[in-house]
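Here's the structure, in structure tokens; my notes come after.
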Amino acid sequence: MLSRLILIFFGFTLCIVAVQWDEDEVLLASIPDNWPDPVYDFQSHPISKKGFELGRKLFHDPGLSLDSTISCASCHSQFNAFTHVDHPVSHGIQDRIGKRNSPVLINLAWSRNFHWDGGVVNLQMQPLNPIMNPVEMDNTIENVLAYLNAHPEYPSLFYQIYGDSTITTKSFLSALEQFTVSLISSNSKYDQFIKGDVKFTKQEKNGLKLFRKHCSTCHPEPLFTTNSFANNGIPKDTSDLGRYGITMQIEDSYLFKIPTLRNIAYSFPYMHNGSFKRLQDVIEHYNSGIDRGDERLSPVLRNEMNLSDMEKKDLLAFLNTLTDKSFMFNRSFME
Ligand code: HEC
Ligand code: HEC
């Protein structure tokens with residue numbers, strides 16, 4: 001009881017309450033007041049407890065795929081910050097190999113561009129892409145609606161939220177979005193340090209200093225992404241031209257969406273093609289692996305970093321403070 005009171009107290013003094021259950025007003029997640037406004041409008045499209053739970057059920061349901069073997073969660077598993085870790089690029093039904101590494105699903109309410117190339121600009125529409133992608137779920141929306149409408153539980157669950165037991169593309173996508181938009185991570189050691197609740201070690205403090213010097217332009221606090229596109233000098237892979245595939249502008253070739261670094265210790269392998277296994281490898285890449293003369297490289301990365309072994313360790317220690325256990329192991333996200 002006391003801890004609940006404290007939670008509510010903090011909820012009202014330090015944070016604006018972002019996501020509230022409709023019934024009992026339990027706090028699901030809070031947005032620290034130094035954060036920018038989300039793109040998703042929580043005021044006019046509030047998340048309800050039932051809507052969130054229905055979205056969660058859909059997210060974990062392999063019935064959305066053609067052969068009922070792959071759910072959203074198969075490629076976006078909570079224990080890996082909603083990505084997969086056992087292979088570089090995603091695996092769909094019948095072990096069909098995808099083109100890209102599945103990205104983490106964190107703080108999507110702040111994003112305007114989705115997918116590594118920004119090919120999707122609306123979170124609610126996004127699921128159509130994996131559902132119809134032949135190497136992911138290889139299904140059709142007609143099949144999905146037929147499956148849901150014939151299901152013993154879904155029609156009544158949709159009725160309770162949308163007042164209609166006939167499930168449509170619109171209500172299906174809306175329910176799924178209630179879940180994905182609620183995946184808010186704002187309680188890492190870094191967040192607690194910024195609020196003044198915990199102290200950083202000397203190593204973490206120095207790591208933060210180095211991070212602000214070398215990484216912040218593209219991975220700025222507090223979301224650790226600008227949500228725009230850049231080339232960070234990873235080895236060129238001509239099979240994927242990134243942002244160019246969407247805009248057809250030559251200057252966009254080999255640009256990829258800058259990912260958030262929240263919960264980064266859990267979301268290996270890294271990059272759009274999963275080409276780095278460990279965070280140490282990523283740091284070494286930025287320090288010594290970049291061809292600084294590559295014309296596609298972002299101008300921000302032209303200068304050598306010259307990090308000492310100690311500084312690399314400091315940077316790693318800082319990246320580890322971005323782990324948010326209350327997000328990674330949040331029971332309310334589980335099936
Ligand atoms: C077979 C693996 C796979 C499945 C199944 C899958 N995804 Fe993904 N997801 C990916 C990959 C790979 C990407 C990146 C695609 C790209 O960049 O072209 C992605 C991207 C996303 C993004 C964009 C994230 C961002 O920040 O850009 C969201 C949101 C998402 N998926 C949600 C879902 C939902 C909801 C489902 C279920 C309907 C789902 N995914 C099913 C692999 C998968
Ligand atoms: C010029 C912008 C830029 C700068 C500066 C930058 N990054 Fe990145 N970072 C990116 C882009 C773009 C990607 C994704 C590249 C891809 O997948 O092709 C990325 C990916 C990453 C990833 C992998 C994330 C994932 O989910 O796969 C990590 C970790 C990372 N950066 C850490 C850092 C660190 C640490 C620094 C500072 C030493 C840094 N970045 C500086 C643009 C930048």
Side-chain angles (χ1 to χ4, degrees), residues 55 58-62 64-65 69-76 81-84 89-93 96-108 111 113-120 123 126-131 133 135-139 144 172-173 176-177 179-181 183 207 210-219 224-235 237 240 242-243 245 254-265 267-276 279 281-283 285-287 297-302 305 307 312 315-316 318-319 322:
L58 293 164
F59 189 85
H60 291 92
D61 189 345
L64 302 188
S65 64
T69 57
I70 295 274
S71 69
C72 307
S74 308
C75 298
H76 299 283
F82 293 96
T83 176
H84 56 59
V89 294
S90 70
H91 288 205
I93 63 163
R96 295 181 196 162
I97 311 291
K99 187 166 99 162
R100 292 181 179 152
N101 185 10
S102 134
V104 293
L105 306 183
I106 301 174
N107 299 335
L108 296 172
S111 187
N113 303 300
F114 303 95
H115 290 196
W116 287 102
D117 53 15
V120 174
L123 181 60
Q126 190 281 335
L128 295 176
N129 193 293
I131 287 169
N133 190 327
V135 293
E136 295 187 349
M137 297 170 129
D138 194 21
N139 213 347
V144 170
F172 162 64
L173 292 176
L176 204 41
E177 187 186 32
F179 179 70
T180 50
V181 86
L183 301 174
L210 291 163
F211 182 84
R212 286 180 172 158
K213 181 167 174 211
H214 295 295
C215 319
S216 279
T217 314
C218 298
H219 300 283
F224 295 91
T225 171
T226 56
N227 278 311
S228 62
F229 307 89
N231 181 293
N232 70 343
I234 64 167
D237 163 9
D240 192 346
R243 183 80 178 138
Y254 302 109
L255 304 193
F256 291 89
K257 180 172 150 182
I258 300 168
T260 181
L261 301 183
R262 285 184 171 272
N263 300 301
I264 196 70
S267 63
F268 56 90
Y270 302 107
M271 308 300 168
H272 73 273
N273 54 6
S275 52
F276 291 87
L279 272 178
D281 304 336
V282 173
I283 292 172
H285 159 73
Y286 282 110
N287 187 50
L297 181 68
S298 162
V300 179
L301 287 166
R302 287 267 177 251
M305 291 186 186
L307 300 174
K312 288 179 217 164
L315 199 47
L316 181 63
F318 169 69
L319 292 175
L322 300 178

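Read the numbers this way: they start at 1 and go in the same order the structure lists the ligands and their atoms. Nothing here was measured: the structure is a model prediction, and the numbers come from that model. Along the sequence shown, residues are numbered consecutively beginning with 1.
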Looking at ligand 1, does [X] have a heavy atom less than 4.0 Å from it?
X: K257; answer: yes
X: H91; answer: yes
X: N133; answer: no

Near atom 8 (Fe) of ligand 2 (protein N/O/S, cut-off 2.8 Å, waters excluded) we have H219 NE2, Y286 OH
[X] to [Y] - nearest heavy-atom pair and separation:
X: N101; Y: W116; answer: O-NE1, 2.8 Å
X: N273; Y: S275; answer: OD1-OG, 2.8 Å
X: G242; Y: R100; answer: CA-NH2, 4.1 Å
X: N232; Y: H285; answer: O-NE2, 2.8 Å

Could you say whether the N/O atoms of L319 and ligand 2 ever approach to under 3.5 Å?
no
Side chain or backbone, does H272 bring an N or O within less than 3.5 Å of an N or O on ligand 2?
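Yes: some nitrogen or oxygen of H272 is under 3.5 Å from one in ligand 2.
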Atom indices of ligand 1, in the order listed, that fall short of 4.0 Å to a heavy atom of [X]:
X: F114; result: 23 (C), 27 (O)
X: I70; result: 5 (C)
X: L123; result: 29 (C)
X: W116; result: 14 (C), 16 (C), 17 (O)
X: G92; result: 1 (C)
X: L108; result: 26 (O), 29 (C)

List the closest protein heavy-atom neighbour of [atom]: residue, atom name, distance to the nearest 0.1 Å.
atom: atom 23 (C) of ligand 1; result: H115 CD2, 3.6 Å
atom: atom 18 (O) of ligand 1; result: R100 NH1, 2.8 Å
atom: atom 27 (O) of ligand 2; result: M271 N, 2.7 Å

Has the side chain of H84 got a donor or acceptor atom that lies under 3.5 Å from a matching backbone atom of C75?
no
Tell me if a side-chain donor or acceptor on T83 pairs with a main-chain N or O of S102 at a distance below 3.5 Å.
yes
Answer yes or no for I264: is there a heavy-atom contact with ligand 2 below 4.0 Å?
yes
Looking at ligand 2, is there an atom of it that comes within less than 4.0 Å of some heavy atom belonging to L279?
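Yes, that is the case, since the closest heavy atom of the residue is under 4.0 Å from the ligand.
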Do the side chains of [Y] and [X] get nearer than 4.5 Å, heavy atoms only?
X: H214; Y: L307; answer: yes
X: K99; Y: V135; answer: no
X: I234; Y: H272; answer: yes
X: M271; Y: F256; answer: no

Between F276 and Y286, ring centroids under 6.0 Å:
no
Criterion side-chain contact (heavy atoms from CB on, under 4.5 Å) against P127, the qualifying member of V144, L58, L173:
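Of all the options given, the one that passes is L173.
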For ligand 2, does N101 get within less than 4.0 Å through its side chain, its backbone, both, or neither, judged by non-hydrogen atoms?
neither
Where's the contact between T217 and ligand 2, heavy-atom distance under 4.0 Å: side chain, backbone, both or neither?
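It is neither; nothing of T217 touches ligand 2.
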Where ligand 2 meets [X] - atom numbers and elements under 4.0 angstrom, heavy-atom basis:
X: S298; value: 1 (C)
X: I234; value: 18 (O)
X: Y270; value: 23 (C), 25 (C), 27 (O)
X: F256; value: 12 (C), 16 (C), 18 (O)

Which bit of V120 gets closer than 4.0 Å to ligand 1, counting heavy atoms only: side chain, backbone, both or neither?
neither
Counting only protein N, O or S atoms and ignoring waters, those under 2.8 Å from atom 8 (Fe) of ligand 1 are H76 NE2
Taking the inter-plane angle between the rings of F82 and F179 on a 0 to 90° scale, is it parallel (under 30°), tilted (30 to 60°) or perpendicular (over 60°)?
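Perpendicular: the ring planes of F82 and F179 meet at over 60°.
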So for ligand 1, is S71 a polar contact partner (N or O within less than 3.5 Å, distance only)?
no
